[in-house]
Amino acid sequence: MRNAILVIFVAALLMSITEVGRGEEYAFVVPLPRQGDFMAGKGAESWNKMLKTIFSIAKEETGIVINVRAQINWTETMNDIEEGKGHLTFLKATDYVIAMKDNPPVTPWMSYRVEGDKYFSNCIYVNEAGGIKKTEDLRGKTIAIEELPGKSKKKRKYGDIGSGTAFFERIIWRKLLEKAGVREKMEDFAGEVKNTLNVETSMFEVMRGTVDATVASKRIFVLLKKGDPKFKRLKELDCVCEVPYAVIVHRNGMDKKVIEEMADFIFNIHKRDDFKDFQMISGVERFIPVKDSEYDPLRELWKEAREKGWVEED
């Protein structure tokens, strides 16, 4: 998953902040990519080469240590942060909103720009060759959607983290259908709802013409187009819920001076030549500050979904 690769790279960048946190050690905790997340390995060789170079420079010039530590999943990642075993991590917008309902001891720190935009929408994507002009044209068609994980018998704090995309996809579909004047459930409106491994798989199936439509963020669309020009065959039908991109959070209680000088360095990293390769691979143009309130549109949509019975009560 590109997000997992992104957090590792950002952690490496944090290490090169001159004279800040010398002698301190911080842990940037990241979950391992799920099996089948094919975007995770793309460009891996370039990433590894770049990371080794940055870590080497950081060690020689600053002596600052940011330990990038893998965890088995998002649940364990967030529990590590809560228990003080980790200090930094990276969450998709949807997973961030889900995580914050459990009051983790974290502060949103930064997000990033893609193609000049701080915000992205969630849209219905169809293949131009399919002749679909509007949402209503999808009646009776095949819709792809990321499969929800099975419910664990043992309820754990942050146990829902990592399934945010799949959870919100269903809500976004209902909102987009309602916006188009459709009152039926997605399952009744569509001819078939096909569960897929992840949203990238759904987009591939739309591109290949094996399904008619899916919901995805513009962020995913940008990345897929960069990787394969065939994705330019896809077009947006309608979009909702504009929010910032994914968020890097830091654990509450970290030294304020360290946080401020880390941020100052990262917010200017796009000016360095050694950031250019990262920009090409990730699509991230530059890192920018972000506030918790900027993710309120997702919270409002979730609240609406509960009130209208689109999802079960928590």
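Computed from a prediction, not measured in an experiment: that's the story for all the values here.
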Query raised in the report: Should the ring pair Tyr112 and Tyr245 be called parallel, tilted or perpendicular, given that the plane angle runs from 0 to 90° and is split at 30 and 60?
Result: parallel
Would you please name every residue forming a salt bridge (Lys or Arg N to Asp or Glu O under 4.0 Å) with [X], sequence neighbours left out?
{"X": "Lys308", "value": "Glu178, Glu304"}
{"X": "Asp296", "value": "Arg299"}
{"X": "Lys134", "value": "Asp137"}
{"X": "Glu128", "value": "none"}

Roughly how far apart are [X] [atom1] and [Y] [atom2], rounded to 0.5 Å?
{"X": "Lys226", "Y": "Leu224", "atom1": "NZ", "atom2": "CG", "value": "12.0 Å"}
{"X": "Ile145", "Y": "Ile172", "atom1": "CD1", "atom2": "CD1", "value": "9.5 Å"}
{"X": "Cys241", "Y": "Phe168", "atom1": "SG", "atom2": "CZ", "value": "7.5 Å"}
{"X": "Phe167", "Y": "Glu146", "atom1": "CZ", "atom2": "CD", "value": "13.0 Å"}
{"X": "Ile161", "Y": "Asp102", "atom1": "CD1", "atom2": "CG", "value": "7.0 Å"}
{"X": "Asn127", "Y": "Ile132", "atom1": "CG", "atom2": "CD1", "value": "8.5 Å"}

Query raised in the report: Between the side chains of Glu82 and Tyr158, is a donor N or O closer than 3.5 angstrom to an acceptor N or O?
Result: yes
Query raised in the report: Do the side-chain N and O atoms of Thr89 and Thr77 include a donor-acceptor pair separated by under 3.5 angstrom?
Result: no
Query raised in the report: Counting only heavy atoms not in Lys157, do more than 12 fall under 6.0 Å of its NZ?
Result: yes
Query raised in the report: Around atom NZ of Lys141, are there more than 12 heavy atoms of other residues, nucleotides or ligands at under 6.0 Å?
Result: no
Could you list the donor-acceptor pairs under 3.5 angstrom formed by side chains in residues 113-121, with sequence neighbours left out?
| from | atom 1 | to | atom 2 | distance (Å) |
| --- | --- | --- | --- | --- |
| Arg113 | NH1 | Gly116 | O | 3.4 |
| Lys118 | NZ | Pro289 | O | 3.4 |
| Lys118 | NZ | Glu294 | OE1 | 2.7 |
| Lys118 | NZ | Glu294 | OE2 | 3.3 |
| Tyr119 | OH | Glu294 | OE1 | 2.6 |

Report task. Name all residues meeting the side chain to side chain donor-acceptor pair (under 3.5 Å) criterion together with Asp80; count only those two or more places apart in sequence or in a different chain, and write none if there are none. Result -> Arg69, Gln71
**Report entry** salt bridge (charged side-chain N to carboxylate O under 4.0 Å, His left out) contacts touching residues 237-252 (sequence neighbours left out)
**Finding:** Lys179-Asp238
Requested in this report: In sequence, state the C-alpha distance, the side-chain angles, and the governing distance for Val182 and Glu136, and then conclude on side-chain contact (heavy atoms from CB on, under 4.5 Å).
Outcome: CA-CA 7 Å; Val182 176; Glu136 175 62 35; 3.5 Å; yes
Requested in this report: For residues 75-118, pull every pair meeting disulfide bond (SG atoms under 2.5 Å apart), keeping only residues two or more places apart or in separate chains.
Outcome: none
Report summary line: The complete set of disulfide bond (SG atoms under 2.5 Å apart) pairs with one or both residues in residues 68-122, sequence neighbours excluded, reads none
Report task. For His250, enumerate each residue passing the ring pair (Phe, Tyr, Trp, His ring centres under 6.0 Å) test, keeping only those at least two apart in sequence or located in another chain. Result -> Trp109
Query raised in the report: Shortest non-hydrogen contact from Pro297 to Val243?
Result: CB-CG1, 3.8 Å
Report task. Identify the two heavy atoms, one from Thr214 and one from Ser202, that lie closest to each other, and give their separation to 0.1 Å. Result -> OG1-CB, 3.3 Å
Query - Within 45° cone of Phe189 ring axis and under 6.0 Å: Lys185 NZ or CZ - result: no
Query raised in the report: Centre of Trp310's six-membered ring, under 6.0 Å away, within 45 degrees of the axis: is that where NZ or CZ of Arg306 sits?
Result: no
Query raised in the report: Who pairs with Cys239 by disulfide (SG to SG under 2.5 Å), at least two apart in sequence or on another chain?
Result: Cys123
Requested in this report: Would you confirm whether the ring centroid of Phe221 sits within less than 6.0 angstrom of the ring centroid of Phe231?
Outcome: no
Query raised in the report: Stepwise, does the side chain to side chain donor-acceptor pair (under 3.5 Å) test hold for Ser163 with Asp160?
Result: CA-CA 6 Å; Ser163 61; Asp160 294 327; 5.0 Å; no
Between side-chain atoms of residues 203-212 and protein atoms elsewhere (two or more places apart, or another chain), which donor-acceptor pairs fall under 3.5 Å?
| from | atom 1 | to | atom 2 | distance (Å) |
| --- | --- | --- | --- | --- |
| Glu205 | OE1 | Lys194 | NZ | 2.8 |
| Glu205 | OE1 | Thr210 | OG1 | 3.1 |
| Glu205 | OE2 | Lys194 | NZ | 3.3 |
| Thr210 | OG1 | Glu205 | O | 3.1 |
| Asp212 | OD2 | Thr142 | N | 2.8 |

